[in-house]
Amino acid sequence: MTGPPELIAIPGVGREIHLAQEIPMFRTALVTSAALMLALPVAVAQDDFAAATAPFTLPDLPYAANALEPVIDAQTMELHHGRHHQSYVDKLNEAVEANDALANMSLEDIVASAGSLSTEIRNNAGGHWNHSFFWRLMAPEGERGEPSEAFGAAIDAVYGSMEDFKTAFEEAGAGQFGSGWVWLVVDTNGQLAVTTTPDQDNPLMDVAETRGTPILGNDVWEHAYYLTYNNRRPEYLSTWWDVVDWGQVSQNYKAALADQ
């Protein structure tokens with residue numbers, strides 16, 4: 001019994017190829033290309049969540065549920081993303097179906113006009129925007145970038161150092177009464193500012209005390225940390241830095257300045 005031929009002709013390739021040497025390379029290239037094509041729509045969808053219109057959808061987590069352990073445990077991620085965030089999406093879609101004026105509005109436009117909308121729409125639109133933004137601020141070990149030179153210089157100019165900024169951010173988050181969020185924004189003057197919002201409000205809303213473009217934000221609702229930290233919100237806030245993707249934050253800062 002003879003073995004397979006050393007050389008075979010592949011239609012469309014235009015030449016014979018060496019079976020043992022080149023077939024593995026073709027297979028690898030095809031698998032890699034297919035993976036890239038499958039990944040592309042997901043990446044675009046994640047980047048464009050704010051521009052999406054109804055019906056809204058829950059974005060996939062950009063990492064496994066256990067990828068941020070021990071800072072954020074898998075059960076918390078599964079409940080936070082799959083239950084809490086999903087609920088905001090579902091309730092927002094129900095509210096939009098009952099209000100024709102919102103049918104063609106982007107999520108960001110709905111959020112920006114929160115002051116003229118019902119509490120139900122304000123809370124659920126904010127919850128969807130806030131969480132979609134939040135998941136992308138974190139990354140597994142080995143995938144977290146470093147602060148860009150421009151972002152680091154801006155932090156130093158306003159807060160003196162990165163450590164002093166972190167202290168100000170943690171203190172603001174710990175001091176937020178009840179549920180809410182703590183943010184770092186580029187304000188309307190193009191300057192960095194730390195601010196907080198109650199419930200599911202955010203600084204893009206026309207009702208925000210300090211308006212601006214969020215570039216970093218942390219969820220201080222108890223569902224974000226209670227299984228691991230119980231009522232120790234300050235501990236959660238100080239530990240959270242270990243999973244922040246500073247490369248993403250730096251990109252957010254650059255984009256916010258470009259929109260000024």
Side-chain angles (χ1 to χ4, degrees), residues 62 68 70-73 76-77 80 111 126-127 129-141 143-205 207-226 228-257 259-260:
L68 305 182
V71 176
I72 302 177
D73 64 279
T76 292
M77 290 298 296
H80 197 175
V111 166
W129 194 99
N130 294 350
H131 286 89
S132 298
F133 180 74
F134 179 62
W135 308 130
R136 299 189 303 141
L137 297 172
M138 302 175 288
E141 185 174 359
E143 298 179 24
R144 303 161 198 150
E146 297 293 331
S148 67
E149 183 176 348
F151 175 64
I155 286 287
D156 290 346
V158 176
Y159 296 99
S161 68
M162 180 62 78
E163 289 308 309
D164 288 339
F165 155 68
K166 289 180 179 180
T167 297
F169 191 91
E170 291 171 33
E171 289 177 349
Q176 167 59 36
F177 182 76
S179 300
W181 291 75
V182 55
W183 307 93
L184 177 66
V185 303
V186 173
D187 67 19
T188 54
N189 296 316
Q191 299 297 312
L192 292 178
V194 171
T195 186
T196 60
T197 55
D199 301 323
Q200 292 297 346
D201 285 3
N202 68 45
L204 294 171
M205 292 183 173
V207 295
E209 183 176 340
T210 300
R211 299 193 67 185
T213 302
I215 63 171
L216 178 70
N218 197 357
D219 188 345
V220 296
W221 284 64
E222 286 188 341
H223 64 238
Y225 61 85
Y226 200 84
T228 298
Y229 302 92
N230 302 143
N231 63 339
R232 304 188 305 276
R233 185 192 287 181
E235 182 182 343
Y236 162 68
L237 285 163
S238 64
T239 306
W240 183 68
W241 301 116
D242 291 342
V243 296
V244 170
D245 182 352
W246 290 109
Q248 180 64 57
V249 177
S250 297
Q251 291 178 32
N252 293 344
Y253 175 66
K254 181 178 180 179
L257 289 182
D259 288 341
Q260 288 286 311

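Any value given below was found using the heavy atoms of this structure, including those in side chains, with hydrogens, waters and symmetry copies removed. Predicted, not measured: the structure shown is a model, and the values here were computed from it.
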Self-check item: Donor-acceptor pair between Thr239 and Asp242 side chains, under 3.5 angstrom
Solution: no
Quiz item: If we ignore angles and hydrogens, is there a donor and acceptor under 3.5 Å between the side chains of Trp129 and Gln200?
Solution: no
Quiz item: Which heavy atom in Asn202 sits nearest to a heavy atom in Ala208, and how many Å separate them?
Solution: O-CB, 3.7 Å
Quiz prompt | Student check: side-chain heavy atoms of Tyr236 and Asn218 closer than 4.5 Å | solution = yes
Exercise. Please say which of Tyr225, Tyr226, Trp135 ends up in a ring pair (Phe, Tyr, Trp, His ring centres under 6.0 Å) with His80.
Key: Trp135
Quiz item: Can you tell me how far the OG1 atom of Thr197 sits from the CD atom of Glu209, to the nearest 0.5 Å?
Solution: 10.5 Å
Quiz item: How many angstroms lie between atom CG of Asp245 and atom CD of Gln251, to the nearest 0.5 angstrom?
Solution: 7.5 Å
Quiz item: Does Asp73 reach the side chain of Thr228, with side-chain heavy atoms less than 4.5 Å apart?
Solution: yes
Practice problem: First locate atom OG1 of Thr195, then atom CZ of Arg211, and finally report the distance between them rounded to the nearest 0.5 Å. | Solution: 12.0 Å
Exercise. Please find out if less than 6.0 Å separates the ring center of Trp181 from that of Phe133.
Key: no
Self-check item: Shortest non-hydrogen contact between Val185 and Pro203, atoms and distance
Solution: CG1-CG, 3.6 Å
Quiz prompt | Phe169 and Trp240 aromatic ring geometry - parallel, tilted or perpendicular at 30°/60° bounds | solution = parallel
Quiz prompt | Ala139 to Glu143 - nearest heavy-atom pair and separation | solution = CB-O, 3.8 Å
Self-check item: Pairwise distance CD(Glu170) to CG(Leu237) - rounded to 0.5 angstrom
Solution: 6.5 Å
Quiz prompt | For the student: nearest non-hydrogen atoms of Leu184 and Tyr159, plus distance | solution = CD1-OH, 4.1 Å
Quiz item: In Å, rounded to the nearest 0.5 Å, how long is the span from CD of Glu222 to CZ of Arg233?
Solution: 7.5 Å
Quiz item: What's the shortest heavy-atom distance between Trp246 and Lys166, and which atoms?
Solution: CZ2-CE, 4.1 Å
Quiz item: CD1 of Ile215 to CG of Leu192: how many Å apart, nearest 0.5 Å?
Solution: 5.0 Å
